[in-house]
Structures are given as C-alpha cells and as structure tokens.
S.K.: 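Sharing a structure with you now.
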Amino acid sequence: MWESKDFIVPHFNYIPHFEKPIFAYLLTALSIGVFGANSLAVRFPSVLAAISGIFLTHAFTRRLFDEKKANLAAMILSTSVGYFLLGRYGMIDMLLTLFLSAALFGLAAAVIQKDRRFYPAAYLFMGLAFITKGLVGIVLPVLIFTAYLVWTKNLAEVKRMRLGWGLLIIGLVFVPWGIAISIREPEFSYVFITQQHFERFATGSFGRARPFWFFIPILISLAFPWSLFLPTAAIHGLRDQKGDERKMVQFLLCWVSVILLFFSIPRSKLPYYILPVSVPLSVLVAVWFDQATEPKTLRLLLKCAGLILVVAIGGFNAYLFFWAEVPIAETIRNLVLPGTICVLAGCAVIANYTRKSLYRSAAWAMAGTLYAAMIIIAAGMFFLSPYFSTYKESQTLKFLWKEGDTIAVYSSPDHFSDLPFHLQKRIMVVGSDFGTLTSEVEERQHEKELDRWFLSAGKFVELFSLGKTRMFCLMKAKSLGELQHLGLRKFSVIYEGAGKILISNEIPSATKP
C-alpha cells in the first residue's frame with residue numbers, strides 16, 4: 001500500500017485482497033511511512049493498541065468502580081498470556097479488541113451511569129471496529145448491549161440511544177471507503193459481504209472447521225491463570241455487588257458470554273477470535289479479588305493456580321527433554337531453564353502470601369511471575385523466529401536476485417505470508433492451495449495471471465527443469481520429496497534450516513544437485 005500509494009484497495013502478494021476492510025492496513029502503511037518497511041512498523045499499530053487497551057481498561061474501571069479495582073484490572077490484563085503475546089504481533093484483532101472495548105465501555109457508561117454523552121463516542125468506535133474487521137464491529141456491541149437490556153428489563157433505553165445519530169456516525173466512518181473501493185473493484189461487495197461474512201460464518205469452507213466447544217480451552221489458556229477465577233468471580237459479583245456495580249458485573253458477563261457464543265456457532269474458528277473477552281474478564285476478576293468475601297475459596301483457587309503452573313512447567317520440561325523430536329524442540333530446550341526457575345520461584349512467593357492470607361499481595365506476586373516468564377518467552381522468540389519467519393531466506397534471496405528471476409513458494413501463500421513483505425516483490429504460488437487468495441484467483445480479471453503466478457506442482461517442475469529462467473522455490477523441507485516424485489532432479493540447495501529449504505534451478509559447477 002505504501003509502495004503503490006494506493007490507500008483504497010488492500011493487497012496481498014500484490015493482488016487485490018478483500019478479506020478485511022482498510023483501516024488496519026492503512027495504519028500499518030502509515031507506520032511503514034514513519035519507520036520504514038520493517039517488523040517494527042508492522043507491529044507498531046498492534047503494540048500501540050494493546051497498550052492503549054490497558055490504559056482504557058484502567059480508566060473505565062476506575063470510573064465504573066474505583067481506583068483499586070482499576071489497578072488490579074490493568075495488572076490482570078497486562079499479564080494475561082494471550083493479550084501479552086498477541087499484542088506483539090502485527091495483527092488486526094488487537095485493534096478490533098481496542099475499538100470494541102472502547103465502544104462497549106462507552107455503552108456501559110451511557111446506560112448504567114446515565115451519561116448519554118457516551119453514545120456518540122460508542123458509535124464512533126463501532127464504526128472504527130467495522131472498518132477494521134467488518135460487521136462484527138457492529139454486530140457484537142449490538143448483541144451484547146441487547147442481551148444486557150433484556151437481562152435488566154430496560155429495553156426502554158433503546159428510545160434514548162439516538163440511533164439515528166449512531167447510524168450516521170457509523171456511516172460516515174465506513175461508507176466513503178466502501179463507495180470508493182466498490183467503484184474501483186465491482187466484485188468487492190460480493191467477496192467482502194457474502195464470502196467473508198456469511199459464508200465464513202455458516203460453513204467451514206475456509207479450512208478452519210472446529211467443534212462448538214473449541215473456545216472453552218482457548219479461553220482458559222488465553223487468560224491463564226486469571227481465567228481460573230472467572231466462574232467464582234461471576235457468581236460472587238452477582239451476589240455481592242449492589243446498585244450500579246452489580247449492573248456493571250451483568251454488563252461484563254454479557255460481554256464475555258455473547259462473544260464466546262457468537263464465535264462458537266460458526267464452524268470456522270481461529271484461537272484469537274475471542275481475544276476481546278480478555279478485557280471484561282480482567283475487570284470481573286479484579287472486582288472479585290478486591291472484594292473477595294470468602295477467603296477459603298480464594299485460598300483454594302490460588303493454590304490450584306500455583307499447582308497448575310508447577311505441573312504445567314514440569315510437564316512441558318518432560319515433553320521437551322524426553323519425547324519431543326521436532327526440530328524446534330532443540331532450540332526451546334535452551335530457553336526453558338530460566339523460565340522454569342522464574343515460575344517455580346514465583347509459585348513459592350505466591351504460596352507464602354497465600355499462607356499468610358495476603359491475597360492481594362498473592363495476586364500481584366502471580367502477576368509479577370507471569371510477566372517475568374512472558375518477558376523470557378518474548379526474548380526467546382528471537383531464537384525461535386526462523387521457524388515462523390522467512391526473514392533469513394528473504395535476505396539470501398535479496399542478495400542473489402537479478403532482474404528476470406522468479407521466486408516461488410510450494411505451499412499456501414498463507415504459510416509464508418511475510419515473504420513478499422521482506423522481499424518487496426511478488427512471489428509465485430505453486431500447488432493447489434491458494435489459501436486466502438483463492439477467491440481473488442477465481443475472479444475473471446485474474447485469469448491471465450494463473451499461468452504465470454499460480455502453477456500446479458507438475459507445471460512448476462517442468463518449467464524449473466527447463467531452466468530458461470532462474471527460479472527459486474521455498475518450501476517446508478519435508479515437501480521436497482513431493483516435487484522429486486513429480487520429476488524434480490537437478491537443483492541447488494541455497495538455504496536449509498528451521499524445517500524449511502530454499503532451492504534454485506541454477507546449478508553452479510562446484511555444486512552437486
């Protein structure tokens with residue numbers, strides 16, 4: 001986008017791509033304009049959104065509850081495993097989480113505190129969520145707010161919501177871009193609305209089919225160990241809180257429940273879809289920690305959390321050192337010791353505070369333990385990145401590439417999606433799996449590109465073997481045998497490591513095929 005200065009049509013591998021709206025791509029392009037085409041620029045909008053989400057959660061928890069609960073909520077959100085780790089990635093869902101949270105906090109303040117000045121702000125953030133990830137940016141807040149109004153028997157609030165202004169504000173955010181891209185790309189409406197919303201929701205045709213209960217274990221791990229306290233926090237929140245604070249607990253429970261149910265219904269699921277529940281979960285658990293009226297229950301849960309941490313780290317070590325045989329395991333083994341020491345030391349401190357009935361101190365000790373462990377994980381990702389990134393391969397290709405060369409991947413382009421970014425060049429896709437580019441490839445205007453940029457494995461082997469042009473191909477190492485079975489014989493290995501292999505059809509005299 002920044003390279004072409006086309007700020008209307010999103011692209012993937014230099015092909016118009018309509019899976020998501022424009023806003024996250026636009027922010028990333030502007031970040032690239034400031035920081036250059038590097039990983040920092042791509043991650044920066046997501047990192048900024050994650051940090052902003054923590055401050056937002058603190059501000060509204062303080063407004064709707066008090067300062068102590070706000071501090072605990074911000075601490076819990078900061079140390080939720082999923083929120084911490086996903087906040088480092090260049091992904092749309094953290095921006096969506098920020099905008100959804102801002103919209104829902106605004107709706108909560110408007111209806112519970114009767115400060116209806118928050119409604120226009122909530123509609124603005126719903127519009128931003130819509131132009132970030134589509135209709136879920138509107139549908140989820142509407143469903144959550146409706147569930148809350150039904151639960152509290154307050155449907156009369158609908159008359160005071162200024163819905164006309166809401167539609168106008170959301171329209172002003174989304175419609176100008178919607179019109180502009182529809183003029184440029186007439187098929188946008190069908191791909192974006194029909195395929196990416198209704199077909200994705202109704203079918204598992206996008207290769208992500210999961211069972212209905214899929215998000216239950218995901219929720220536990222996403223916000224571990226704080227998720228262990230959620231059921232008790234919900235029960236005691238409804239029982240112990242009164243007045244506006246009880247209404248806020250009800251609102252937060254609707255927030256969690258509706259998102260879980262909404263994303264559990266479709267067959268197509270990915271773990272990070274429920275990232276937005278991290279925010280209400282952190283507030284619910286913070287409210288309970290601050291006002292826990294049953295020390296025995298809290299003591300039991302803290303002991304369970306510590307025990308699970310110890311068992312989990314012990315089991316992980318056992319798996320790595322005795323059973324794991326995948327290439328990445330050797331790298332992880334070198335990183336496990338500091339993390340293990342950190343978790344065990346932290347569990348000892350948590351147990352000591354729990355024994356002394358210093359439960360809030362135990363909570364902060366748990367947060368400190370988690371944060372230190374996740375810092376170690378984040379640092380360790382530097383050593384793990386070759387398994388998930390094509391940066392090293394792209395640097396090799398940049399050094400070797402000459403005008404007229406072709407660079408291909410034998411895989412879905414989704415598996416090596418960062419390669420076009422690192423190379424700043426289009427890549428050829430080999431095989432039958434076109435991933436998220438499938439719908440675009442099927443459009444008539446792209447038919448001419450099929451023979452050049454999308455090849456069957458057999459056709460690729462034929463062209464590769466002819467050697468009329470120099471070709472490079474990146475694939476998973478285990479996939480090389482498939483091409484050899486199709487007739488691939490002469491090739492040079494340019495780079496091999498981290499479960500991947502890069503080959504070329506140029507055979508240097510000193511290199512054996």
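This one's a predicted model, so the numbers in the text were calculated from it and none came from an experiment.
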S.K.: Assess the pair F460 and Y410: is the distance between their ring centroids shorter than 6.0 Å?
M.R.: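 No: the rings miss the under 6.0 Å criterion.
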S.K.: Could you tell me the separation between the OG1 atom of T396 and the OH atom of Y391, rounded to the nearest 0.5 Å?
M.R.: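 Taking OG1 in T396 and OH in Y391, the distance rounds to 10.5 Å.
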S.K.: Short question: side chain of S492, backbone of I494 - any donor-acceptor pair under 3.5 Å?
M.R.: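 Between the backbone of I494 and the side chain of S492 there is no qualifying donor-acceptor contact (under 3.5 Å).
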S.K.: Could you measure the distance from the CH2 atom of W453 to the CD1 atom of I15? Nearest 0.5 Å is fine.
M.R.: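 Here the interatomic distance stands at 9.0 Å.
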S.K.: Using atom types as modelled and distance alone, determine if a side-chain donor or acceptor of R43 lies under 3.5 Å from a backbone N or O of R88.
M.R.: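 At least one qualifying donor-acceptor pair exists.
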S.K.: I'd like to know if the side chain of N505 pairs up with that of S465 as donor and acceptor (distance under 3.5 Å, no hydrogens or angles considered).
M.R.: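 Looking only at side-chain atoms, S465 and N505 do not form any donor-acceptor pair under 3.5 Å.
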S.K.: Just wondering, do M475 and S411 contact through their side chains at under 4.5 Å, heavy atoms?
M.R.: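 Answer no - side chains too far apart.
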S.K.: Which distance, rounded to the nearest 0.5 Å, do you find between the CG of L474 and the OG1 of T390?
M.R.: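 The CG atom of L474 sits 7.0 Å away from the OG1 atom of T390.
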S.K.: Within a strict 4.5 Å, meaning less than it, do heavy atoms of the I375 and C342 side chains meet?
M.R.: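 No, their side chains stay 4.5 Å or more apart.
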S.K.: Hey, is the main chain of E506 close enough, under 3.5 Å, to the side chain of K490 for a donor-acceptor pair?
M.R.: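 No.
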S.K.: With no hydrogens and no angle check, is any side-chain donor or acceptor of D418 less than 3.5 Å from a backbone partner on F421?
M.R.: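 Judged by distance alone, no pair lies under 3.5 Å.
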S.K.: If you apply the rule side chain to side chain contact (heavy atoms under 4.5 Å, CB included), what do you find for L502 with E496, and how did you get there?
M.R.: CA-CA 6 Å; L502 175 66; E496 184 172 9; over 6 Å; no
S.K.: Are any side-chain N or O atoms of K269 and backbone N or O atoms of P266, one a donor and one an acceptor, separated by less than 3.5 Å?
M.R.: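 Pair found, side chain donor or acceptor close to backbone of P266.
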S.K.: Counting distance only, does the side-chain N/O of S80 pair as donor-acceptor with the main-chain N or O of Y83 below 3.5 Å?
M.R.: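 Side chain of S80 to backbone of Y83: no pair is present.
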S.K.: Do the non-hydrogen side-chain atoms of S389 and H422 ever get within less than 4.5 Å of each other?
M.R.: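 The answer is yes; the side chains approach within 4.5 Å.
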S.K.: Can you tell me which residue among T57, T79, V277 is in a side chain to side chain contact (heavy atoms under 4.5 Å, CB included) with S282?
M.R.: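 Between S282 and the candidates, side chain to side chain contact (heavy atoms under 4.5 Å, CB included) is satisfied uniquely by T57.
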S.K.: How about W2 and S31: does a side-chain donor come under 3.5 Å of a side-chain acceptor?
M.R.: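 The criterion, which ignores hydrogens and geometry beyond distance, is not satisfied for S31 and W2.
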S.K.: Check the pair F215 / I259 against side chain to side chain contact (heavy atoms under 4.5 Å, CB included), numbers first and verdict last.
M.R.: CA-CA 10 Å; F215 285 119; I259 290 178; over 6 Å; no
S.K.: Answer yes or no: is there a donor N or O on one side and an acceptor on the other, between the side chain of S417 and the main chain of P413, under 3.5 Å?
M.R.: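 Pair absent, no side-chain N/O of S417 close to backbone of P413.
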S.K.: Any side-chain heavy atom of F99 within less than 4.5 Å of one from F23?
M.R.: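 The answer is yes, as the side chains (C-beta and beyond) meet within the 4.5 Å cut-off.
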S.K.: Check whether any side-chain heavy atom of I92 lies under 4.5 Å from a side-chain heavy atom of Y25, and answer yes or no.
M.R.: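 A side-chain contact exists here, since the closest heavy-atom pair is under 4.5 Å.
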S.K.: Report the C-alpha separation of V9 and F18 in whole Å, then their side-chain angles, then the decisive distance to 0.1 Å, and conclude whether the side chain to side chain contact (heavy atoms under 4.5 Å, CB included) test is met.
M.R.: CA-CA 8 Å; V9 181; F18 309 136; 4.0 Å; yes
S.K.: Please confirm whether the backbone N or O of I427 pairs with a side-chain atom of N13, one donor and one acceptor, at under 3.5 Å?
M.R.: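 Checked: pair present.
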S.K.: How about K500 and F416: do any of their side-chain heavy atoms sit closer than 4.5 Å?
M.R.: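 Sidechains of F416 and K500: in contact.
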S.K.: Kindly compute the distance separating CG (L480) from CD1 (I501), expressed to the nearest 0.5 Å.
M.R.: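 Reported value, rounded in 0.5 Å steps: 5.0 Å.
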S.K.: Take atom NZ of K478 as the centre, draw a 6.0 Å sphere, and report whether it contains more than 12 heavy atoms from other residues, nucleotides or ligands.
M.R.: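 No.
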S.K.: Under 3.5 Å, is there a donor-acceptor pair between the Q424 and Y14 side chains?
M.R.: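 Side-chain D/A pair, Q424 to Y14: absent.
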S.K.: From K20 NZ over to D93 CG, what is the distance, rounded to the nearest 0.5 angstrom?
M.R.: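 Going from NZ on K20 over to CG on D93, the span is 8.0 Å.
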S.K.: Could you walk me through whether S278 and L222 pass the side chain to side chain contact (heavy atoms under 4.5 Å, CB included) check?
M.R.: CA-CA 8 Å; S278 302; L222 181 75; 3.7 Å; yes
S.K.: Could you grab the distance from atom CZ of F229 to atom CD1 of I76, nearest 0.5 Å is fine?
M.R.: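 Result: 8.5 Å between the selected atoms.
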S.K.: When you look at NZ of K398, are more than 12 heavy atoms from neighbouring residues, nucleotides or ligands closer to it than 6.0 Å?
M.R.: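 Yes, NZ of K398 has more than 12 neighbouring heavy atoms, counting only those of other groups under 6.0 Å.
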S.K.: How about Y371 and F84: are their ring centres within less than 6.0 Å of each other?
M.R.: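 Between Y371 and F84, the centre distance is under 6.0 Å.
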S.K.: Is S46 reaching over with its side chain to a backbone N or O of G90, donor-acceptor style, under 3.5 angstrom?
M.R.: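 No, because the side chain of S46 does not come within donor-acceptor range (under 3.5 Å) of the backbone of G90.
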S.K.: Are T469 and D405 close enough, and set up right, to give a side chain to side chain donor-acceptor pair (under 3.5 Å), and what steps lead you there?
M.R.: CA-CA 6 Å; T469 60; D405 290 350; over 6 Å; no
S.K.: Taking the six-membered ring for Trp, are the ring centroids of F464 and F491 within less than 6.0 Å of each other?
M.R.: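 No.
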S.K.: Mind checking whether L423 and L397 have side chains closer than 4.5 Å, heavy atoms only?
M.R.: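 The answer is yes, as the side chains (C-beta and beyond) meet within the 4.5 Å cut-off.
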S.K.: Give a yes or no answer on whether the side chain of K425 reaches the backbone of L419 with a donor-acceptor pair at less than 3.5 Å.
M.R.: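 Not confirmed, K425 side chain does not pair with L419 backbone.
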